[in-house]
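Heads up: the structure comes next, in structure tokens.
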Amino acid sequence: MVIIMENTHNIAIIGSTGSIGTQTLEVADSNPGIKVLSLSAYSNIDMLEKQIRKYKPVIAAVIREDKAKKLKLRVSDLNVKIVSGESGLSEAATVNTADTVVTAVVGISGLLPTINAIKCKKNIALANKETLVTGGHIVTALAKEYGVRLLPVDSEHSAIFQSLQGFSHDDVKRIILTASGGPFFGKTKKELENVTLQDALKHPNWDMGAKVTIDSSTLVNKGLEVIEAKWLFGVDASKIKVLVHRQSVIHSMVEYRDNGIIAQLGAPDMKLPIQYALTYPERLKMTGNELDFAKYASLTFDEPDTDTFYALPLAYKAAEQGGTLPTVFNSADEAAVDLFIKGKIGYTDITRLIAEAMEEIKNTPNPTVEQILETDKAARENVYGKIL
């Protein structure tokens, strides 16, 4: 892949050892105009050390304090500041000379660093959908107040963003979010009862981390994307339609009031949306991810099975009711997926536990950050308390 860029872009990457983070660094590798100023990880200090030695950031954060201490000793020969914990993550996200912060962490842990980065007038290349799922009303208002851009990195939201260029939002009839359907498309509820972790991690088109891959299989991930799209593009959930597109070639579409539909197509590759978020509004040359239409005999579309994969209707309920209900949806899922990965629950228990948490935890309208974090804790305790 070759990219040519004349302008310099200084970036901070929150979650640099994950799938999006490593691919962002691959984009930087191909372009000397992208300078990496900060990196961070939850606990993978082996990979983080390699990244530090290669990219020479001014600061690196590790969430786990014990791991941060070990990393500090390992890189003591370098001029890099090592910080830890949630405060360290925010410090890495607000490094002075960064123009754009790539929020590539998974889960609600991305919320506070994103808020702090916005207050420091950093543009946000948003890969952490949970930030808008849980605090969309806060984050979008702050972005407007501080005059920063929220640039989507998810392939679906990037496709929508690209399909909106040059058109008025007032002309939008609806947004069509495409979904691969995951590894269990067409399966019945009965067939899902014996799904193993290995089965759930076999995504047909995308190479993602374990959490996102499992969320894709349950359609939780698509539900999170519905809520994210609501905030990113300022539309009601009722105007967002999910359509299963098994080939993952059409990444999403926008239908306008004259019934014309604009779609963005591309190979199932995250580097294009990452690059576009980092260099917007420029469209720069890229090779190595070309779409070969001859490899696709057909492009197919199906309605999602919302009876079997009922996490998606739960997400629409959360999007429509708002308040802290989207936080419950997200955080209960994070806890349930953690239990599934650890072999504590079955696959179908994931959505069941989400549904129960949404029924049992009180919804608080227009929540503050503190109330969001309190709800996050309550949702996790609700799920873990039933199993552990």
Atom of Glu334, atom of Arg380 and distance for their closest heavy-atom approach
OE1-NH2, 2.6 Å
Of the non-hydrogen atoms in Leu48 and Ser40, which two are nearest, and what is the gap between them?
CD1-N, 4.2 Å
So do Val153 and Leu126 actually touch side chain to side chain, heavy atoms under 4.5 Å?
no
How many angstroms lie between atom CG of Leu325 and atom CD of Glu320, to the nearest 0.5 angstrom?
10.5 Å
For Thr327 and Asn330, does a side-chain donor sit closer than 3.5 Å to a side-chain acceptor?
no
To the nearest 0.5 Å, atom CD1 of Ile118 lies from atom OH of Tyr146 at 9.5 Å
Checking side-chain hydrogen bond (donor to acceptor under 3.5 Å, both in side chains) between Ser331 and each of Thr375, Asp376, Thr324, Asn382, which is the one that passes?
Asp376
Under a 4.5 Å side-chain heavy-atom rule over Ile, Leu, Val, Met, Phe, Trp and Tyr, are Val75 and Val58 clustered together?
no
Do the side-chain N and O atoms of Gln165 and Tyr280 include a donor-acceptor pair separated by under 3.5 angstrom?
yes
When you measure from the side chain of Lys230 to the backbone N and O of Gly136, does any donor-acceptor pair fall under 3.5 Å?
no
Rounded at 0.5 Å granularity, tell me how far CD in Glu228 sits from CG in Asn221.
9.0 Å
So which heavy atom on Lys187 is nearest to which on Thr308, and how close?
O-CG2, 3.6 Å
Can you check whether Ala92's main-chain N or O pairs, donor with acceptor, with Ser38's side chain at less than 3.5 Å?
yes
Note, Thr364 side chain near Glu374 side chain (heavy atom, < 4.5 Å)
no
Is a donor on one side and an acceptor on the other found under 3.5 Å between the side chain of Gln23 and the backbone of Ser19?
yes
When you check the side-chain N and O atoms of Thr22 and Glu26, is any donor under 3.5 Å from an acceptor?
no
Which hydrophobic side chains are connected to Phe185, either touching it within the sub-4.5 Å cutoff or through other members that do?
Val244
Only counting residues at least two apart or in another chain, list the ones meeting ring pair (Phe, Tyr, Trp, His ring centres under 6.0 Å) with Phe167.
Tyr256
State, without any angle test, whether Thr306 and Tyr316 hold a side-chain donor-acceptor pair at a distance under 3.5 Å.
no
When rounded to the nearest 0.5 angstrom, what is the spacing between CG in Leu278 and CG in Asn10?
11.5 Å
Between Asn44 and Thr17, is any side-chain donor less than 3.5 angstrom from a side-chain acceptor?
no
